[in-house]
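Values below: all heavy atoms of this structure, side chains included; hydrogens, waters and symmetry mates excluded.
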2 protein chains.
Amino acid sequence: MATLKDVAFLAQVHPSTVSRVLRCSENLPISAETRQRIMAAAIELDYHPDQRARALRLGKSNTIGLIIPDISNPFFADIAQSIEQECHKAGYMLMVCVSNEDQEKEINFVNNLTSRGIDGLIIAPVQDSYAHLVRLKKKNYPFVLIDRCFEEFETNAVISDNEASAFDAMEHLVKLGHRRIAFLSGRPTIYTIRKRLAGYLHAVNVYDLDRTPELISNGGFTFEQGYKECLKILSLPEPPSALLVSGNQITFGALRAIVETGLKIPEDISLIGFTDSIVTPFLVSPLTAITHPLRDMGARAFALLLQHMNAKERLPFSRIVVETKMLPGASTAPINEKMIA
Amino acid sequence: MATLKDVAFLAQVHPSTVSRVLRCSENLPISAETRQRIMAAAIELDYHPDQRARALRLGKSNTIGLIIPDISNPFFADIAQSIEQECHKAGYMLMVCVSNEDQEKEINFVNNLTSRGIDGLIIAPVQDSYAHLVRLKKKNYPFVLIDRCFEEFETNAVISDNEASAFDAMEHLVKLGHRRIAFLSGRPTIYTIRKRLAGYLHAVNVYDLDRTPELISNGGFTFEQGYKECLKILSLPEPPSALLVSGNQITFGALRAIVETGLKIPEDISLIGFTDSIVTPFLVSPLTAITHPLRDMGARAFALLLQHMNAKERLPFSRIVVETKMLPGASTAPINEKMIA
DNA sequence: TTGAAAGCGCTACCAT
DNA sequence: ATGGTAGCGCTTTCAA
């Protein structure tokens, strides 16, 4: 790798001169001839400034970090994609890290990224703990949470209206006559899930629905877990006539369980999923889905972060709530005798 | 951010002593008392060594870069996920960059990452040009290509048996009686696609199938492009009775076109896709798919890279070819009169 | 118009 | 057992 020194040597000038020429604006006092020589040398040696050294010297890396729990989940993949594009537009690099829903890993990533001189951080936190984020906040380090946040700990965040959307989905099912509705929730320590659960329970109370505790399942967020939890629920002595499922991978897992059990959607069972995937309309039964404005979420998270990174003084924290949309499908139908039997 | 100096000051020792204590093995000549003081100070100040400075000093960053064209494509997302996990196991950080199939962006990423002192690079190249990779190779910089490689330019690579798998898929359709088979190819400048096209054409020749040029479509890799190209093909005066589709997003786009046109799979049209997604079995028609061992591809690419990064001397390049598998589905059926009409 | 020197935070080597 | 120093590659201020 060619260094400033190498270029300087080839161009027969001092390294500092090279730096000035390569960095500075048009109207810098330099002889056209020297500039030519330096440019030629830089190209000749395929010189690219060492970003570590620059970052060290400048105290700025023009890079931000993103920590997400799962990159193979389209939910986070699409958010990552949009953040990456926003970064690119703004001249930033993005460093993506995958915590795999492992709190230890997340903590390591936070430490590692900050000590790499990353200018800011966007995190979809695992939410088993948050002491490491309190430390970040204390150090006045700019960061934005996405999708998940803490009720008891104030930070920047971009989240969605989970409680309302879960309630609306339930209401939709209730209007079709369903009264025994299961909720495949995911990991309940997470903000998103707690809110959705609250929306579910609210509907259960308002409409006095079946309260069988087994109707609420707490697994994890993976395909496998969705599959297993759904199988368990379908084999209840009194299985539900409808399902509310919380997340892409879980929904696909539930789908597998339903298909394998030989049930038809929506004839035998209705299904609404919190599902963000281009394929939902082309599934065995086109899914009625609660969808997130993922690109918008990513863009707003980055904009908020940028704002805080550029701020001269401490800015107040923002909590941005985006609206979900119900994508109509064909996976819900009125209740029928067969289901009640 | 606390520095070595801060810790040293608090512990009343010299910075170099702190560095030694924090870095070195057990049997380093140091008084237990001093060690205690230093450790306490480090924890007190929440000290984390500046990785930029370390990387600069050590000439090693313990970070590798990954450049992929599209993170919201499950194909690349799963590869990224597996590489990330391998990295983590080996104590490396992963920096993911998304080129969005834009050659300029990829070139920028390569320059940017290398000048960040990244130890190695895994790239699924855009393949509009490769001068930048030639430069990397000249500098003896370790990198591995994944999924796509260059016939005329020798590098490390992990790829799959595209030509054979395309031929096999065609054979499968031919045996069902299909003779007018369309190929939705994606961008044909890419190795993967050229190979698949070769397999397709080989089958066309061997079995003397319909050679209508319009049966071969060259769009891009996106959902939208798959949708449009497929619509075009379905509205041919003599539409095909079967479709071979190259890639996740294209397949989903094609699915949309088929569903919207009111065609049924496989009654009206057969479909085989190069599709790696957990949802393929739960699509309108469970898809017959050619799948890649994605986790394995990622793991092998990383292992190969690691080998080259650790090598004292120049190693010979490896080209690893992994095998695809045909996942049986219900999206293919024997040809019938309706199709021929 | 260009050169010299200091220093970002760290580690490795050489002193003591 | 601990301290001092040089230097990784860069930028910036000051000097000439």
Side-chain angles (χ1 to χ4, degrees), chain A residues 1-39 41-42 45-63 111-119 139, chain B residues 1-39 41-42 45-63 111-119 139:
Chain A
M1 298 279 124
T3 71
L4 261 192
K5 239 186 182 167
D6 300 328
V7 178
F9 180 81
L10 187 59
Q12 303 273 43
V13 290
H14 196 269
S16 64
T17 310
V18 178
S19 173
R20 245 175 290 136
V21 168
L22 259 34
R23 286 297 121 228
C24 290
S25 50
E26 295 304 300
N27 44 16
L28 148 109
I30 190 82
S31 82
E33 197 266 334
T34 316
R35 165 172 257 141
Q36 273 310 313
R37 259 202 345 264
I38 291 175
M39 291 316 232
L45 296 176
D46 191 27
Y47 170 74
H48 296 275
D50 187 311
Q51 301 294 342
R52 297 168 293 192
R54 284 199 83 207
L56 192 58
R57 178 66 230 238
L58 297 174
K60 185 157 195 326
S61 64
N62 270 278
T63 306
N111 290 335
N112 212 302
L113 286 171
T114 53
S115 68
R116 278 194 144 75
I118 297 289
D119 298 329
K139 289 180 187 170
Chain B
M1 298 279 124
T3 70
L4 260 193
K5 239 186 183 167
D6 300 327
V7 178
F9 180 79
L10 186 61
Q12 303 272 44
V13 291
H14 195 271
S16 66
T17 310
V18 178
S19 174
R20 244 175 292 135
V21 169
L22 260 33
R23 285 299 118 229
C24 289
S25 52
E26 295 305 299
N27 44 15
L28 148 108
I30 191 83
S31 81
E33 197 267 334
T34 315
R35 167 171 255 141
Q36 273 309 316
R37 259 202 346 265
I38 291 175
M39 290 316 230
L45 296 176
D46 191 29
Y47 171 75
H48 295 276
D50 187 311
Q51 300 294 343
R52 299 167 292 192
R54 283 199 85 210
L56 192 57
R57 179 66 231 242
L58 297 173
K60 186 162 194 324
S61 64
N62 269 277
T63 306
N111 290 335
N112 213 302
L113 286 170
T114 52
S115 69
R116 280 192 144 77
I118 297 289
D119 298 329
K139 289 181 188 170

Exercise. Taking atom P of C/dT11 as reference, at what distance in whole Å does atom NZ of B/Lys5 sit?
Worked result: 15 Å
Problem set entry | Interatomic distance where CG belongs to B/Leu58 and P belongs to C/dT11 [whole Å] | 6 Å
Problem set entry | B/Ser115 side chain to A/Arg54 side chain, donor-acceptor N/O pair below 3.5 angstrom | no
Seminar exercise, completed: From NZ of A/Lys60 across to P of D/dT12 the rounded distance in Å is 13 Å
Exercise. With respect to the phosphate group of C/dG9, does any side-chain polar atom (N or O) of B/Arg57 fall under 4.0 Å of OP1 or OP2?
Worked result: no
Problem set entry | side-chain N/O B/Arg52 vs C/dG9 OP1/OP2, d < 4.0 Å | no
Exercise. Base, sugar-phosphate, or nothing: which does A/Ser19 touch, judged by heavy atoms less than 4.0 Å apart?
Worked result: base
Exercise. Could you give the distance from CG (A/Leu45) to CG (A/Leu4), rounded to the nearest 0.5 Å?
Worked result: 11.0 Å
Problem set entry | Shortest side-chain distance from A/Leu4, nucleotide among C/dG9, C/dT11, D/dT11 | D/dT11
Exercise. Given atom CZ of A/Arg54 and atom C1' of D/dC8, what is their separation to the nearest angstrom?
Worked result: 17 Å
Exercise. B/Asp50 CG to D/dG9 P: how many Å, rounded?
Worked result: 16 Å
What nitrogen or oxygen pairs link the protein and nucleotides 2-4 of chain D at under 3.5 Å?
from: D/dT2; atom 1: OP1; to: B/Ser31; atom 2: OG; distance (Å): 3.3
from: D/dT2; atom 1: OP1; to: B/Thr34; atom 2: OG1; distance (Å): 2.6
from: D/dT2; atom 1: OP2; to: B/Ser31; atom 2: N; distance (Å): 2.9
from: D/dT2; atom 1: OP2; to: B/Thr34; atom 2: OG1; distance (Å): 3.3
from: D/dG3; atom 1: OP2; to: B/His14; atom 2: N; distance (Å): 2.8
from: D/dG3; atom 1: OP2; to: B/Thr17; atom 2: OG1; distance (Å): 2.8
from: D/dG3; atom 1: N7; to: B/Arg20; atom 2: NH2; distance (Å): 2.9
from: D/dG3; atom 1: O6; to: B/Arg20; atom 2: NH2; distance (Å): 3.2
from: D/dG4; atom 1: N7; to: B/Ser16; atom 2: OG; distance (Å): 3.4
from: D/dG4; atom 1: O6; to: B/Ser16; atom 2: OG; distance (Å): 3.3

Problem set entry | Expected output: side-chain B/Arg37 to main-chain B/Ala11 donor-acceptor under 3.5 Å | yes
Seminar exercise, completed: When rounded to the nearest 0.5 Å, the distance separating NZ of B/Lys139 from CG of A/Asp46 is 3.5 Å
Problem set entry | Nearest-0.5 Å distance, CG of residue B/Asp50 to CZ of residue A/Arg52 | 12.0 Å
Exercise. If you count the non-hydrogen atoms of other residues, nucleotides and ligands that lie under 6.0 Å from NZ in A/Lys5, is the total more than 12?
Worked result: no
Exercise. Rounding to a whole Å, what distance do you find between A/Arg23:CZ and D/dT12:P?
Worked result: 9 Å
Seminar exercise, completed: Rounded to whole Å, CD of A/Gln51 lies from C1' of C/dC8 at a distance of 15 Å
Seminar exercise, completed: Between CZ of A/Phe9 and C1' of C/dG3 the distance, given in whole Å, is 17 Å
Problem set entry | Spatial distance of atom NE2 (A/His48) from atom CG (A/Leu22) [nearest 0.5 Å] | 10.5 Å
